[in-house]
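Scroll down for the structure; my scribbles are underneath it.
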Number of protein chains: 2
Amino acid sequence: MGAFSDTPVYRMVAAAEKAYDVLLQRIQCGQLPSGAFLVEGDLARDLGVSRTPVREAIRRLAAEGLVLTEGRRRAVVREFAEDQVEELYELRARLESYAAARAATRLEAPALEHLRTLATEMEACAAAGTELATACFADLNDRFHQLILDGARGEHLAAALRPVLQIQLLLLQRYRHTIREHLERSCWHHRELIRAFELRDPELAGRQMELHMLSARSAGPSNGAGVGAAVLDPIPEAKR
Amino acid sequence: MGAFSDTPVYRMVAAAEKAYDVLLQRIQCGQLPSGAFLVEGDLARDLGVSRTPVREAIRRLAAEGLVLTEGRRRAVVREFAEDQVEELYELRARLESYAAARAATRLEAPALEHLRTLATEMEACAAAGTELATACFADLNDRFHQLILDGARGEHLAAALRPVLQIQLLLLQRYRHTIREHLERSCWHHRELIRAFELRDPELAGRQMELHMLSARSAGPSNGAGVGAAVLDPIPEAKR
DNA sequence: TTTGCGCATCCTGTATACGAAACTGATCAA
DNA sequence: TTGATCAGTTTCGTATACAGGATGCGCAAA
């Protein structure tokens with residue numbers, strides 16, 4: 001970036017981390033579309049590191065399911081079929097429902113207060129209805145759910161959910177609820193969820209979250225205009 | 001193994017795979033107990049490969065949650081707290097319940113028949129009650145559940161479940177239901193599950209599986225004599 | 001024009017080298 | 001006795017080298 005961009009002086013660490021971050025971002029923003037090959041040497045040169053950390057980053061992405069590595073073939077960015085949207089929504093619903101149930105008996109007062117604040121802010125965004133407000137809503141919504149996940153204090157749960165969220169993000173790309181009615185329904189769900197937390201009722205919180213997630217699915221693109229099929233070329237599938 | 005054990009001739013590939021398999025096995029069988037350090041160089045020498053594939057294997061185990069790698073510190077075999085048994089059981093219950101629900105509308109006749117066969121065999125094992133029969137029961141049980149998971153045809157579901165099963169296996173080590181009553185209850189659940197599949201009823205199948213899993217939890221060690229705390233030495237915890 | 005084969009090239013898997021961070025344990029002061 | 005400091009050693013992260021399987025293209029034959 002600066003004048004000394006390629007001086008290997010200022011940072012000898014975290015090359016692998018950097019490689020992972022960059023690749024993840026490139027995949028998520030579509031710069032590396034489905035079917036694109038990840039060539040270790042090229043990426044290494046591109047990122048200014050050696051093949052070793054690039055390799056590690058690719059393996060990590062493969063472990064998360066974003067990239068396919070088969071035998072000695074080049075790694076390729078996975079293509080996700082439309083019918084997986086359904087599975088991801090349901091999977092997420094089950095996992096986040098469990099998160100909510102756990103959070104119900106574990107959320108501390110400050111976290112609860114934080115949730116209320118976020119809910120209020122989301123309501124404001126939903127009321128505004130501008131594009132910017134909608135984007136803001138999405139961000140707040142992510143934080144809302146993340147806060148609940150943190151509150152659930154389930155390590156394995158969080159680990160299981162992570163790739164699901166990542167892949168869903170990738171599949172739905174920039175799709176976000178934009179219809180006012182959906183936003184308002186979400187806000188309603190959030191309030192109900194908070195109420196369940198206040199009651200410290202795991203069962204209720206779980207059900208509420210499940211409802212919330214599955215409702216989002218119905219509002220989502222899985223039953224409407226395609227989200228997948230955005231691939232320009234039928235890039236020759238890695239064979240066998 | 002043979003007279004040419006260290007000739008690097010017969011196989012130049014799959015060193016990483018081998019390293020992973022060996023390490024996984026050593027962790028699961030307790031040869032590498034919780035808290036043990038995984039030193040790349042030592043393992044490399046031990047396995048007769050270089051550090052590179054060993055490193056890859058360790059990262060893979062870390063991604064699956066069996067091993068902790070923090071910064072530049074040595075990788076260490078994770079220690080699982082007793083209170084995680086609960087989480088794992090519930091997580092597994094939610095995921096396998098979803099698997100059963102999906103399988104209900106996807107299982108083909110041959111697979112269903114296979115399930116019936118396994119159920120019958122398990123019943124025989126339960127009736128026998130010998131130690132061998134019990135071990136056999138456990139194996140059949142695993143295959144039963146795996147068959148359902150396959151039948152669910154949910155790729156992300158399977159990916160999410162994998163580490164959960166692996167960690168649970170590790171935590172419960174060699175613990176298996178041995179009490180006759182539990183085995184019989186399991187058999188009953190299996191039959192009910194199969195009935196739900198025959199009815200092609202996702203809701204029923206899901207509930208049945210959830211019941212089955214949570215019932216196993218109650219019968220399990222999480223509320224009885226300790227399973228953790230089997231560590232002999234209080235191996236100096238990796239600090240910070 | 002299409003299909004199959006062979007060769008040049010690319011790319012990956014593994015091994016090895018090297019600098020830097022972390023660990024060890026021995027010494028010294030309070 | 002206890003706690004901190006520091007130098008030697010260990011171990012890791014990254015870079016680089018090399019061998020062999022994958023890839024892709026040209027050319028010949030149908």
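Lettering follows sequence order; numbering is per chain, from 1. Source: prediction; values computed, not measured.
Between the base of D:dG21 and the side chain of A:R73 there is no donor-acceptor pair shorter than 3.5 Å.
By the side-chain contact (heavy atoms from CB on, under 4.5 Å) test, B:R94 pairs with A:S97, A:Y98, A:A101, sequence neighbours left out. Scanning for side-chain contact (heavy atoms from CB on, under 4.5 Å) contacts around A:E113 gives A:R116, A:T117, with sequence neighbours left out. Residues passing the salt bridge (charged side-chain N to carboxylate O under 4.0 Å, His left out) test with A:R55 are A:E40, B:E56, sequence neighbours excluded.
Of the residues in residues 52-62 of chain B, B:R55, B:R59 come within less than 4.0 Å of DNA chain D through at least one heavy atom, sorted by number.
Listed nucleotides C:dG13, D:dG24, C:dA22 differ in distance to A:R72; the shortest reach to its side chain belongs to C:dG13. Which of D:dT11, D:dA15, D:dG21 sits closest to the side chain of A:S50 comes down to D:dA15. Which of C:dT14, D:dT23, C:dA17 sits closest to the side chain of B:R51 comes down to C:dA17.
Sequence neighbours left out, the pairs with a member in residues 21-30 of chain A that pass side chain to side chain donor-acceptor pair (under 3.5 Å) are A:R26-A:D46. Within the structure, every pair that satisfies the ring pair (Phe, Tyr, Trp, His ring centres under 6.0 Å) test and touches residues 151-173 of chain A, not counting sequence neighbours, is listed here: A:H156-B:F80.
Between A:E70 atom CD and D:dG21 atom P there is a gap of 18 Å when expressed in whole angstrom units. Computed from coordinates, the A:E40 CD to D:dT16 P distance equals 15 Å when rounded to whole Å. At whole-Å resolution of the value, CG in B:L47 and P in C:dA15 are 11 Å apart. Atom CZ in A:R45 sits roughly 14 Å away from atom P in D:dA15 (whole-Å rounding). With rounding to whole Å, B:R74 atom CZ is found 12 Å from D:dG13 atom P. Note: CG (A:L43) to C1' (C:dC11) measures 12 Å, nearest angstrom.
With no hydrogens or angles considered, no side-chain donor-acceptor pair links A:Q84 and A:Y89 at under 3.5 Å.
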